[in-house]
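Okay, so here's the structure we're looking at.
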Amino acid sequence: MVARFKGQYGTGIREANTYLGQNYMVVDPSIISEVLRILRDREQFDYCVDVTAVHYPEREKQFDVLWILYSFSKNERVRIKIMIADGESVPSAVSIWATANWLEREVYDMFGIRFDGHPDLKRILLPDGWKGHPLRKDYGIIQQDQEWVKANLGIESGQ
Amino acid sequence: MQQAVQPGMQPVATTFFFYLLSGFTLLSGVFVITRKSPVHSALALIFGLLSQAGLYLMLYAPFVAGVQIILYAGGIMVLFLFVIMLVNLERSQREEQFNGQWVVGLLAAIALGGLFMTVYVKGKSLFPYRIAQPVENTNTQQIGLMLYGQYMFAFEIASLLLLVAIIGAVVMAKKRI
Amino acid sequence: MGKGQPGDRERPIIMTDRTMFDLKPADPKRIDEKYLSHLELGEPDKTFLDSNELVINMGPQHPATHGVLRVILKLDGEKVLGTECVIGYLHRGVEKIAENRTYTMFNPYVDRMDYVAAVSNGLGYCEAVEKLLNVEAPPRAKYIRVILTELNRMASHQLWLGTHALDIGAMTPLFYTFRDREEILKIFEKYCGARLTTHAFRIGGCQYETYEGFERDVIKFLDYVPAKIDEYEELLTTNRIWLERTKNVGVISRADAIALGVTGPVLRASGVKWDLRKAQPYAAYSDFDFEIPIGTNGDTYDRYTVRMEEMRQSLRIIRQAVEKIPEGPIMAKVPKVIKPPVGEVYHSIEAPKGELGYFIVSDGSTQPYRIRVRPPSFVNLQALDIMVRGALVADVIAVIGTLDIVLGEVDR
Amino acid sequence: MLDYITSYLSSNTTPGESGNVFWALVYIMVVFGGISVAVMAMNWLERKALAHFQIRLGPMRVGPHGLLQPIADAIKLMTKEDIIPAEADKFVFWIAPLIILCASFAVYIVVPFGPTHAITDLNIGVLFMLGVSSLSVLGVVMAGWASNSHYPLIGALRSSAQMVSYEVAMGMAVVSAILMTSLHGLGPYGVSAASSGTGTLSMIGIVQAQNEQHVWFLFKFFPLGFIAFGIFAIAMVAETNRAPFDLPEAESELTAGFHTEYSGLRWSLFMLGEYAAMIAVSSIAVTLWLGGWYRPFPNSLTGDTWDLVFSLFPGLVFLGLAAIAFLGVRRMPKHPYFRVQTIGLAGFGAVLGLIGLILFVPPVRDRIQDIFWFVAKVAGFMYLYIWYRATFPRYRFDQLMKVGWKVLLPIGIGVLILTAILGVVL
C-alpha cells in the first residue's frame, strides 16, 4: 500500500515504516486531505478511530497531528502523521469522516490548532471564555486561567 | 325494582336550599363580570353553573342536572380554561375594564329593572296556572323516550352538525399530518 | 405564558428565562441561540395558529442525564428539531496530569475515567505500556485479567440496564440488577480491596495472586446469574409498553454508525459484526470461543438485546477461563523504574462501552511524553444529535440511556 | 326530633332517599372518615408492596414494619413549610387542591356499600359519577396554571388532555354496562320492556339487576362484558394518572407535573385526592361489573350451608391478619432496641384478632357481609394498581393519546353496539 502512495506522491510521503508492528506514514501537510480521502475510498479505511496531536516545543515544526484509521474489511490499523508549525491550520477531515467533528474540536481546545473547513470550531471541554490551550508543553500544570475563574466564579483561584 | 318516584319522597325543594343556591348563582354571575383576571371569572362561571345544576335537581330533573355538570362544568369550562391559559392575555388585562358606553348600560339596566318589577308586582296572574305535577316515571326515561321517539330527526341533524364542527377544528390545527 | 409583570417586559418562552443562579445578567436567549446558531435547523413549520418554538435546556443537573451533561434542545412543540451537547463539566485534565506522572503513578488515574468499567480501563493502559516495553504478561496473569474484565463488563451492563429501564419508567429492574451487581463487586473487593475503582492490574501482570476461594466464588456466581438474566428478560423483553417505547426509537443506520465512529454495542446493534476481542484479540481472548451478538435495524430495542446477549457471552468466557486457568507466575520481569524506549504506540481494547484506545508517546524518560485516551462514550455521544432528530422529548432520555455514556469518560 | 331519627331505621331505603338529613350526615361522616383511613392504609400498603416487588423491605423503622409510617408522613407534611410561589395567583393556587379533593370525594355519595348503605341513591347515579369525575380536570388545570412556571403548566395541560380523552373511553364502557342492566335478552325493546324491569342509572339498581339476572356483568354476553370491563380498567388507571400512564409526574422529563410548586399540607391534599379518586373509580368498577356487595357466586352456590361458609370469611380474614402479625412478632430480633416494636406489633395483632372474633358473632356477621365483600373487591383493585406500578414502564405522551383515542374508543363503541344488538336479538 505504501508503494502505491510513494508512486503517486513521491516526496509528499516523508517516511513510512512500522514500529512495534504498527505502521505509520508521515505525510506532507499540503496533500493531507487527498491522502485521507484516498485512504478512505480506495484503501477502505472507513473508520477514523482518533484525531489527536502532540506538541514538541523544541522542534521548529512544533505540532504532530495524527489520524488513526482502521479498516473493517482488512482488519488493519494505520497512523497518518503530519508536522505543522504553531499557528498553521490543518484542513478539516469532517467531510471525510463525520466523527472527526468533536475530535478536531477537542484538539483545537487543547492545542489551539485551527482546522479550516470545520463547521463549528469552538471549545468543547473548556468553558468558552477560557484563555490558553492546556495541553501545550508551555502551559504549566498548576497555572490556571485565574482571570476566567475570578470573573465567573468570583473566587481567587481554583486551588 | 324501586318505582320511579315513591309517594313518600319528601319535597327536596326546601326553601332554605332554594335561596342558598339562587344566591350563589347570582353572586357568581356578578363575579364573572367584575373579576379582573379572566381565570377568576371562568371559575366564577363554573361555580354558577354548578349551583344551577342544584336548582335543576330541585325541579325533579336529575338528568338535566347531571348533564349540566358533565357538559358545562366538566367539558366546556375546561376548554375555556385551556384557551385562557394558552392565549397570552397580558395586554387585555391592562386595558381599561369598563369602557365608555356606561350610558347604554344604564338604559339597559333600567329596562330590565322595570321588567322585573312588573313580574314581581303582578305575581301569579301573569302566568297560566300550572303546578309542577310529579312525572309518572323517572326523568331520564322520559327524556330518552322523547329524544329517540318524537325528536329523532332533530337529534340526527344535531349530530351531523357536531361532526362537521369537529372536522373543521381538526383541519384548522392540522400540521402536515 | 407566565403572568405579566405590571411593567412591559416581553417574556421569552424558554425554560430558563429567570434563572436565579445566573451570575451575569446575560440575556438567556442570547446564550442558547449562540449554541444553536450553527446548526442548520429547519424553521418550525407554521400551522394555522403559529406554534411556539421552544428552546429547552436539559441542564447539567437533570435526573436522566447520566452525570453532568447539558443538552440544549430546540423543540417545535414536542418534536425535537436539533440538539447541542455542552460537555466539559467533569473535565479534570487527565492527559495533562499524565505528562507529570510516572507510568506506574498514572495507573490509578485511568480507573477514574470510566468509573463504571474501571477494570477495563486498567487493562487497556497496562497492555499499552507492556506493548511499549515489548513485554508479555504471563499466561496466568492474562487469564486473571480476562476473568476480571468480563466480570466488569457484566457489572457495567447491569448498571446500564437498571438506569436505562428507570429512565423509561420501569422501576423494578433497577433493584434486580443492582442486587446481582453486588455479587460481582464483592468478588472485586475480595481480590483487590476496592469495589469501583479497582486498580487491579500492574504493568507487566497482576499485583495479587487470586485469594484461595476465588474460583469457588466465581463459579458460584456463574451458576447464580443466568437465571437472574432470564428474570430481567422476563420483565422487559416481551413487555408491551417497553417494546412501544424502544422499538425504532433513536435509529442509527449502519453507514451513519461507521461514519460517526460509533463503537461497541451501539455499532453492533446497527448490524456491524465487529468486536475487538475477536478482530484483534488481546490478553488471552484468542483461547476462548464466544459469539458476537448483532442487531438488525439499530434501534434502542436492538441495543437492548445485543447487550443482554453480551452479558450471557461474558458468562461463557468466564466459565471457560476459570476452568482452563494455568498455574505459574503472575508478574513478568519488569524493571522497578519503567523507562520505555523512545517511540509511540496505539493499543485499544473492547471496553463495555466501545473501543477504548491508548496512544502513548514516550521520550525515554520515566514520565510519558504524551498519553491520548480515545474514549468510546465521547464519540458515541456525538451520535446523539442524529439519533434524536424528529423524536420527542421522552425519546431523548431513552436515547441517552441506550448510548450508555459515562460522563467521567466523556470529559476526561 | 327523636322519632325523626328512629323513623329512618325502620325504612329500608338509603338515608338520602328517605330525605333524612341527620342520618345522611352520619353516613357522610362514616364514609369520608373511612376513606381517609383507607387512604392512609393504602399509602402504607403501596410502599410496602412496591418494596417487596423490588426485593427490598420498604419502611421498617417507624413503628413495627413501618405501620406508623403514614402517620409520620402526615405529621411531616403538616409541619412542613407551605410555600406559595411569588407570582402565583393566590386564589386559584389555594382552590385547586380543594376542587380535586371535592371532586374525588363527591363520587362516594352514590357508591353503594350495601342495599341500604349508600349516602343516597340518585336515580342518575352513574351519570352523576361521570360528571363529578370530570370536575377534577379543572382542579388539575388550575393547579398547573396557578404555580406560574413552565414545567407545571405543561404537566397540567398534558394530564388534563389525558384525563379528558380517557373519560370518553370510560364513558363508553360505562354505557355498555348500563345497557346490560335492562337487556335481559328477553324484551324486544330493552328500554321499554315492561317485563322484569327498566334499565336504570342508579348504582343500587345496577347491582340488584346483576343479582336478579344471576350473572355478574363481567360474564354477561361473555366476551362483551369482559372487554367493557377491560376498557374501564385501563381508562380508570389513566384517569387517575397512575402506573403506566403517570406521564405528568414523569421525573425524567417534567419535574413533578402539576403539583410541583405545592408543598406541605397542600401537597398532601393532592395525594389524598389522588388516592381517593383511585378508590372511587375502582368502587365504580366493582359496582358496575363485579356485582357490588353480593358475595361471589350468589346464585349458583345458594343454600344456607354456603351462606354460612361465606359469612365466615370476614372473621377468617381478620384472624389471618392477626396470625401474620404474630408471626412477625416471633421473627422480630430479640435485641432490646426492638422491644417496643415487638410490643406494638403484638398489640396490633391482638386488636386484629379481637375484630376477627367479633365478626363471628351472628348478628354482627350478617350486617357486615355486604360491606366486607364490597371492600374486599375494591382492595383487589388497589393491589392491581400497585402491581401495575411495579411492572410497567411509562407510556410516551403521543402513545398514550394514541391508545386513548385510536384503541380504547373504537373498541368501546364496538362493544356498545354489540351489546345493544345482542340484547335485542337474544
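Heavy-atom basis, side chains included; hydrogens, waters and symmetry copies ignored. Order of the sequence lines fixes the chain letters, A, B, ..., with proteins taken first and strands second; residue numbering starts at 1 for each chain.
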(request) Go through the atoms of B:V39 and report whether side chain, backbone, both or neither lie under 4.5 Å from a heavy atom of chain D. (result) side chain

(message) Please find the pair of heavy atoms, one from B:A53 and one from B:A65, that lie closest to each other, and give the distance.
(response) O-CB, 3.5 Å

(request) Indicate the atoms forming the closest heavy-atom contact of D:Q162 with D:A238, along with that distance. (result) NE2-O, 2.9 Å

(message) Just so I know, are the side chains of D:V281 and D:F232 near enough to count as touching, which here means a heavy-atom distance under 4.5 Å?
(response) yes

(request) Please round to the nearest 0.5 Å and tell me the distance separating atom CZ of D:F105 and atom CD1 of D:I28. (result) 12.0 Å

(message) Can you tell me how far apart CG (D:L288) and CD1 (D:I206) are? Round to the nearest 0.5 Å.
(response) 5.0 Å

(request) Working to the nearest 0.5 Å, report the span between OG1 of D:T419 and CD1 of D:I178. (result) 11.5 Å

(request) Would you mind checking which part of B:F82 comes under 4.5 Å of any heavy atom in chain D, side chain (CB onward), backbone (N, CA, C, O), both or neither? (result) side chain

(request) Considering only heavy atoms, give the residues of residues 42-52 of chain B separated from chain D by less than 4.5 Å, sorted numerically, with 'none' for an empty result. (result) B:L43, B:I46, B:L50

(request) Please round to the nearest 0.5 Å and tell me the distance separating atom CD1 of D:I421 and atom CG of D:L179. (result) 11.0 Å

(request) Using a heavy-atom cutoff of under 4.5 Å, enumerate the residues of residues 131-142 of chain D that contact chain B, numbered in order, or state 'none'. (result) D:G131, D:V132, D:S134, D:L135, D:V137, D:L138, D:V141, D:M142

(request) Find out whether B:S22 and B:F18 are in side-chain contact, i.e. whether some heavy atom of one side chain is under 4.5 Å from a heavy atom of the other. (result) yes

(message) Quick check for you: to the nearest 0.5 Å, what is the distance between D:I413 atom CD1 and D:L409 atom CG?
(response) 4.5 Å

(request) Any chance you could lay out the side-chain contact (heavy atoms from CB on, under 4.5 Å) test for D:M129 and D:V126, step after step, and finish with the verdict? (result) CA-CA 5 Å; D:M129 178 274 299; D:V126 176; 4.0 Å; yes

